[in-house]
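Data block below; observations after.
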Amino acid sequence: MSAERRIDLDNKLKFTDIISEAPQKQHRKSDLSTFEYTYKAEITNIHRLTEMENLYRIQIIDTEERRQFIFQPGQFLMLELPGIGEAPFSISSSPARHGDVELCIRKAGNLTNFLSRVGRGTHVGIRGPFGTSFPMEKMHGQNILLIAGGLGLAPLRAAISYAQDNRSRFNSVDIIYGAKDPSQLLFTYQYEMWRADDIGLSIIVDKPDLLWKGPVGLVTKILEQMFSERGETFFKSTYAIVCGPPVMFKFVCNMLNQKDIPMQKMFVSLERRMHCGMGKCCRCNVGSTYTCLNGPVFDYWTVMNLKEAI
Amino acid sequence: MIFRVFDKEELKRLFDIMVSGNKVVGPVEIARDRNGKPLFAFNEVDSFNDMKLDYTTTKIPAKRYFLPFKEDLATFNVDVDGWQKKVDYNINEPFIFFGLHACDINALNKLDKVLMGSVYPMPYYAAKRKNMFIVGIDCTPQPYCFCRSMGTDTALHGFDMFITDIGERYFVEILSATAYNFLKGIRTAEPIEADHIHYMKVASEKNKKFTAHVDTTDLTKILDMEFQSDVWKQWGEKCLACGSCSKVCPTCYCYGVEETVDINLRGAKKTKMLYSCNLIDFAQVAGGHNFRPERHVRLKYRYYHKHRGFVEAYEESLCVGCGRCGEACLANITVPEVIASVRGEEN
Amino acid sequence: MDAGPVRTYLGVPLYRPKVAFFEFSSCEGCQLQLLNNESALLDFLALVEVVNFREAMKEKADDYEIAFVEGSITRSDEVERLKDIRSKAKILVALGSCACFGGVNQLKNRFSLDWVKKEVYGNSPVETEPVRPLEDVVKVDLKIFGCPVKKEEVERIVTNIAIGKAVVHPKYPICTECKANENICLFDLGEPCLGPITRGGCDSWCPNNRFGCWGCRGPAEDANVEQMKKIMKEYGFSEDTILDRLECFGGFSAFADALRKSGEKNRGTSA
Amino acid sequence: MKVDCNINIHHLARVEGHGNIRIKIHDGELQEAKWEVVETPRFFEAILVGKKWDNAPWICGRICGICSIGHTLASIRAVENAFGITPTSQTQKLRLLLKHMETLQSHILHLYFLSAPDFLNAGSVFPLIKSHPDIVIKAAGIKKLANDMCDCIGGRRMHPTRPVVGGFTMLPDKKELIKFRERLQDVINGLLFTAELFRTFNIPDFVRETEFVSLKGDENYPFIGGGLISTDGVAKKEQEYKQMTNEYIVSQSTSKWSRLSRRSFAVGALARINNNFEFLHPAAREVSLSFGLKPLNHNPYMNNIAQLVECVHVVNESLGLIEELLDSEWTEPRQEVVPQKGTGVGAVEVPRGILYHCYEFDEAGHIVKCDCVIPTSQNHANIQHDLEELAVRYASEGMKDRNIGLLAEMLVRSYDPCISCSVH
Ligand SMILES: Cc1cc2nc3c(=O)[nH]c(=O)nc-3n(C[C@H](O)[C@H](O)[C@H](O)COP(=O)(O)OP(=O)(O)OC[C@H]3O[C@@H](n4cnc5c(N)ncnc54)[C@H](O)[C@@H]3O)c2cc1C
Ligand code: SF4
Ligand code: SF4
Ligand code: SF4
């Protein structure tokens, strides 16, 4: 076999080089080595929130990597346990904390059930952050209305943390949170702190128990009240972030639209099966829009124009 | 672009030069079908005569050499202290693909856009694609081919050299220095006026042979308007939801990922498997909700992704008109017929 | 076999279940597939504690958590024995097509019991009942399809049970796997195949060998059997051939029964 | 002198299928010695009626999980004989090779997993994994090779997919065969190891005059088709198998019984060696003689050794077959099949003895009548008579019940019965 006859790789890339560099490389977009590169992270705390949900505090082990892990509220990451699975989770903590994140995870299947069995100190893999975020900066100087249903509070909590950290930059900040029953309420220990930071919080449950003293019904009920309490002008300078099941945000957004909040000023987060988080596997496509790249946060106008979004 | 011509018998010499130092994949006949017609596939070859360069479309596309049906994305070593992730992009040794048709080259060009051209390039694909030397070859349109409608009947790039039979001689387009070097090993000549005339004649002859067509005028808009159309239901009734169309399609790239633990618990694997949007659980999410539970909705989705969504994102369709999906479909669902019916042109 | 040290996976202690194997009317092939599992047998035994496996061992115990049950139910004593197993097992696994659907045994149900007995045993008395899959008698927690079961699949399922991962069967049909295996479609070769409607998971075992699928794993989720029948006809296969395939292992029995009823030719009773 | 004995073994372990052993001796009188087969019948012979010919091998293979290849081949042969098809020599060689590998894997399974624990004082192979790992690893290695080769030639090791009426759906890759040739060479060593191991076993010395039935070799040690022969001098053609088997129904068994010149006869490895010793491969003959096994041997426990000898034979013969196959060009794998009215018989020597399938077809190739005679059914009566004599003999020698029970179990296991198969 003569040497000159072998294909000379001329301008073709030599991939071996990239692989050997991969582990040291910092996470940079558009770099071939980022595709399967996982940050090694440790579960530093597990807080049981309800029967079904746990709050995991997860810290990227390498301090340099941790510092560089920057995300925006609304973004998600891919969490992996070898052999068990990998799945997308919204980051549920303050962006100020970089690669020391909290995830609120509901037991729904393989990975999430196994996660509920592991202990502190377990190593997990993290890829990300991925996806679009709530445009918090655009909202500066405006009112924000955060409406969550059920587990929807998880991604919203990152936005709430942002609002807490930057409270002075917003006018009024209001949370409307609905859950099925009082036992399913998430982050109960934080409600007072939110209120203390001048954030309005109304909670409503669908099925009250004996001890429940608050309102009963759906979030739309609180919203109706709010409509009657706040003047028309309030809604003119309001952004809304709505997280929850599709039926819920569809109703809520339509109501808000009737109060003349433009659809572009309402943001929702969509959920689909995802494998790559990078716009390759197509599993998250709604029509031809990738939930992982173009979403998960969309303005409601876009969602309205996506076929099969809801 | 540099053009050369060479005599027919030189082709074998070119092949011999290539095969003497490299792995070569080319079209071979693998069986005869029930009507006695030959069936072709891309396999590794060591001799020129094993190849059938006048082959008709292979049943399985060349995709598998670039985007395998199954591939390990990562493996893990697991022990009591934790785990290590190992990533291998499964880079092949560089090898030569001898005799790819224009549609299949165009298919790779389209895959390039998604898998190499976007924010997150996919190294598994790129590693293989970049290490492949491609010799294109002209073809004869078959009754199911509609590449001309899709604008993919000729390839402008994505290959190293492209060979066209112009009667007495071969006409070759050269795109890479490596290709140029290979051609130094055989006797070639500058094309003369007559060669150009022959080339154009061959091209126009070929054009006349297309019998299948797809009208793509305003197709994206029509698809949007006909989203709720009942024709989809009719196709859905026929569809077996077996995913064969996506598997044989040279441009379908959707996949699923499965993680498995080795039986000895000392290792784990993350495996990617090309999936299909026609399969029932494609759009199922945690909690069991399925966004596309019905066959016709999933079938429609495949057409939307190829002929509408991709056009929106890349200004071209994700179909090269090779006709493989229709040929593989036992229920006889073909792209030209489906599109025609959506346009209301049927019956 | 002793339990050995408690094993963990990613720090989670694993449960090493006691398992027992039982067989009813069958060829015992599915159990044998486990013994055929030369390379992974030791790892397999480390994951579970086998306490009862008559085909391979003399020791037996009634203290088990998972019962792998092979075979179909064809006699009254089997009903009792199965109920007893059910009462002891936390998880009852139907192993193989006989246990899941009746398997080839259920072809007997095409005939009257009297005729069947006479054909084989003449006038001598012999006891038999219509063939039933396990779930017609007791609750079945998990099914492992196949005739025979595929050892790789059994391994994966047992591993999943040991680490507490859900067992999810593929919902798509065999064709999906067949195409990924780059097989020549049998319809192109003029052979019938149930690949388009049969549940995947065997990695298109038969078509890989140029042998059409007979549907031993039963229907895929939302299988389009009506269309399949049309296609088979278009390809020139007789109703007999279609019926032969659909009725062979019992997974498609509802469709086969309907087809038999619709067909003028009632092959079963003509005998 | 011991006068009472009471043995009751329910669902004998480490055999395929369900059988019970019951022995009762009172005051020196044999009251009962029973080999009961309680397996549920599956009625294969009825099931097949009305089915098209191509169903026969596919369904009949499912009579038995251990010898499904043998059943498939017998069934194919019966159909081919009925339709007047002669397989090509390539097909014949591949079938024989496939058959050999099934014999090898089944014999090894029996010798190591089912039989050896008796001699090593274990209840199963599982404790041997710890106590005798070398043995288990050797056995697993041989079995794996045999199974892998069945996968390669037959499509899969159990319920094979490639062998069909007319030939094969697909041929193995010659490159694979070359690899197997190398692995087979290694197996020869493994078998010598096995021979040494079995030499250390104490094979009970129990002899009872028996008639042995098998295929008759002409030039080769026979496995597929040919004449039928017995050590009592009966010779018949393949299609006259009914005169060899003479099946009848007994109350203690859901399997039928057989007889020929005497009350009962035996089939299996020992019967084959007793009838065809001279056709064994020289290497196999040598091993046989080293155990003192030569015709006529009437010790049923020696069936274990006969199986071992056959392992040596099939491995050596397979090497030759592979050589021949590699030297020839592959021809079409499959002949066309044209069904016709008629009856066909296929006799095949499966691991446990001679197996017959017989089908009668109508013009369209639908099965009108079906008959399968399984080796274990042919052995049942002989097992019964061996048991009777064994019980009386050892009881009179004053042996403990437990030991008689063990010997009885070992006796039944020596026949390597395939009970569910015999009931089918
Ligand atoms: C952008 C985004 C953000 C998210 N944020 C959060 C969050 O903050 N908190 C949170 O708890 N969840 C969140 N989710 C949802 C979360 O990703 C899922 O709950 C998670 O994927 C479940 O993974 P699992 O492995 O536990 O479940 P799986 O085992 O994948 O099972 C999930 C469901 O799918 C079904 N299923 C499983 N395997 C298969 C299969 N092979 N074929 C068909 N069906 C199958 C099961 O029936 C089950 O109902 C988010 C999702 C997205 C897309
Ligand atoms: S959609 Fe069909 S015709 Fe178009 S590229 Fe894919 S297989 Fe070919
Ligand atoms: S051979 Fe069978 S399983 Fe394979 S593609 Fe064809 S129909 Fe589907
Ligand atoms: S291909 Fe069909 S018949 Fe064969 S094993 Fe798979 S499901 Fe069973």
Side-chain angles (χ1 to χ4, degrees), chain B residues 30-35 37 39 41-43 58-60 64 68-70 76 78-83 236-249 256 258-266 268 273-276 278-282 284 293-295 298 327-332, chain C residues 7-11 14 37 39-44 46-47 152 155-156 158-160 162-163 165 168 170-191 193 195-198 200 203 210 220-228 230-232 234-236:
Chain B
I30 45 165
R32 298 255 158 180
D33 74 3
R34 62 189 202 287
N35 303 317
K37 277 210 314 216
L39 300 170
F42 295 115
N43 278 346
T58 55
K59 287 272 167 181
I60 304 284
R64 62 142 151 150
F69 288 106
K70 236 183 182 163
F76 300 88
V78 182
D79 54 35
V80 278
D81 302 324
W83 50 267
E237 225 148 81
K238 293 180 90 180
C239 177
L240 292 160
C242 66
S244 290
C245 50
S246 313
K247 295 271 163 169
V248 302
C249 175
E258 197 186 15
E259 301 222 7
T260 46
V261 178
D262 295 351
I263 186 164
N264 62 18
L265 306 183
R266 283 192 287 271
M273 170 185 156
L274 293 192
Y275 223 71
S276 164
N278 277 312
L279 302 182
I280 183 158
D281 56 354
F282 186 84
Q284 190 171 334
E294 292 152 301
R295 278 198 297 270
R298 296 195 296 275
E327 284 297 285
C329 180
L330 290 170
N332 262 324
Chain C
R7 301 219 286 170
T8 58
Y9 188 76
L10 301 179
L14 299 186
N37 192 7
S39 31
L41 191 60
L42 296 186
D43 294 322
F44 178 81
L47 284 183
E152 289 81 359
E155 270 168 40
R156 186 180 50 95
V158 170
T159 310
N160 277 7
I163 58 176
K165 216 171 140 176
V168 183
K171 297 183 171 64
Y172 51 73
I174 303 286
C175 277
T176 310
E177 299 170 334
C178 185
K179 281 287 178 321
N181 285 322
E182 302 177 17
N183 295 323
I184 302 173
C185 179
L186 284 145
F187 281 92
D188 280 338
L189 297 173
E191 296 279 331
C193 179
I197 53 171
T198 303
D203 200 24
R210 291 216 184 144
E221 219 101 328
D222 197 24
N224 196 346
V225 180
E226 281 318 304
Q227 180 62 21
M228 191 66 216
K230 273 188 211 140
I231 290 169
M232 297 267 267
E234 274 164 29
Y235 274 81

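Letters A, B, ... mirror the listed sequences (proteins, then strands); counts begin at 1. What you see below is based on every heavy atom in this structure, not just the backbone, and it leaves out hydrogens, waters and symmetry mates.
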Got a second to check how far Lys179(C)'s NZ is from Cys245(B)'s SG, nearest 0.5 Å? 9.5 Å

When Asn264(B) is tested against each of Asp43(C), Leu47(C), Leu42(C) for side-chain contact (heavy atoms from CB on, under 4.5 Å), which residue passes? Asp43(C)

Chain C contact via Ala241(B) - which portion, at a heavy-atom distance below 4.5 Å: backbone

Of all heavy-atom pairs between Cys242(B) and Thr176(C), which one has the smallest distance, and what is that distance? O-OG1, 2.7 Å

Measuring heavy-atom distances to chain C, does Leu274(B) have an atom under 4.5 Å in its side chain, in its backbone, in both, or in neither? neither

Closest heavy-atom pair and its distance - Arg210(C), Ile30(B): NH2-O, 4.3 Å

For chain B, which candidate among Gly200(C), Ala180(C), Pro170(C), Pro196(C) shows the most heavy-atom pairs at distances under 4.5 Å? Ala180(C)

Chain B contact via Phe44(C) - side chain, backbone, both or neither, heavy atoms under 4.5 Å: both

Heavy-atom nearest pair, Asn224(C) first then Cys239(B), reads ND2-O, 2.7 Å

Please look at Glu327(B) and chain C and tell me whether the side chain, the backbone, both or neither of the residue comes under 4.5 angstrom of a heavy atom of that chain. neither

CG of Asn181(C) to CZ of Phe69(B): how many Å apart, nearest 0.5 Å? 9.0 Å

Tell me every residue that passes side-chain contact (heavy atoms from CB on, under 4.5 Å) with Pro68(B), counting only those two or more places apart in sequence or in another chain. Glu71(B), Lys128(B)

Out of Met273(B), Lys70(B), Arg64(B), which one racks up the most heavy-atom pairs below 4.5 Å with chain C? Arg64(B)

For side chain to side chain contact (heavy atoms under 4.5 Å, CB included), just list the numbers for Lys59(B) and Asp188(C), CA-CA rounded to whole Å, side-chain angles, deciding distance to a tenth of an Å, and then say yes or no. CA-CA 10 Å; Lys59(B) 287 272 167 181; Asp188(C) 280 338; 3.1 Å; yes

To the nearest 0.5 Å, tell me how far Tyr172(C) OH sits from Phe282(B) CZ. 13.5 Å

Given heavy-atom pairs under 4.5 angstrom as the criterion, report whether the side chain, backbone, both or neither of Leu39(B) touches chain C. side chain

Compare every heavy atom of Arg34(B) with every heavy atom of Gly190(C), then report the nearest pair and how far apart it is. CA-CD, 3.5 Å

Where do Leu265(B) and Leu14(C) come nearest, in terms of heavy atoms and distance? CD1-CD1, 3.4 Å

Counting heavy-atom pairs under 4.5 Å to chain B, which of Ala40(C), Cys185(C), Cys175(C), Ala223(C) comes out on top? Cys175(C)

Using heavy-atom distances under 4.5 Å, tell me whether Ile263(B) contacts chain C through its side chain, its backbone, both, or neither. both

In terms of heavy-atom proximity below 4.5 Å to chain B, should Lys230(C) be classed as side chain, backbone, both, or neither? neither

Contact check, side chains of Lys171(C) and Leu279(B), non-hydrogen atoms, under 4.5 Å: no

At a heavy-atom separation under 4.5 Å, does Val78(B) approach chain C through its side chain, its backbone, both, or neither? side chain

CG of Asn332(B) to CD of Glu234(C): how many Å apart, nearest 0.5 Å? 6.5 Å

Report which part of Ser276(B) has an atom under 4.5 Å of a heavy atom belonging to chain C: side chain, backbone, both, or neither. neither

Just how far is it from atom CD of Glu221(C) to atom CD of Gln284(B), taken to the nearest 0.5 Å? 8.5 Å

Quick check on Tyr9(C) against chain B: is it the side chain, the backbone, both or neither that has a heavy atom closer than 4.5 Å? side chain

Does atom CZ of Arg266(B) have more than 12 heavy-atom neighbours from other groups under 6.0 Å away? no

If we define contacts as heavy-atom pairs under 4.5 Å, which of Ile174(C), Val225(C), Asn160(C), Ile231(C) has the most with chain B? Ile231(C)

If we define contacts as heavy-atom pairs under 4.5 Å, which of Ile197(C), Ile184(C), Thr159(C) has the most with chain B? Thr159(C)

In this structure, CZ of Arg295(B) is separated from CD of Gln227(C) (nearest 0.5 Å) by 8.5 Å

With only heavy atoms counted, which part of Ile280(B) is less than 4.5 Å from chain C, the side chain, the backbone, both or neither? side chain

Walk me through it: do Glu182(C) and Asn43(B) pass the test side chain to side chain contact (heavy atoms under 4.5 Å, CB included)? CA-CA 11 Å; Glu182(C) 302 177 17; Asn43(B) 278 346; 5.8 Å; no

Of the backbone (N, CA, C, O) and the side chain (C-beta and beyond), which part of Asp81(B) lies under 4.5 Å from a heavy atom of chain C, both, or neither? neither

Shortest non-hydrogen contact between Met228(C) and Leu240(B), atoms and distance: N-CD2, 4.2 Å

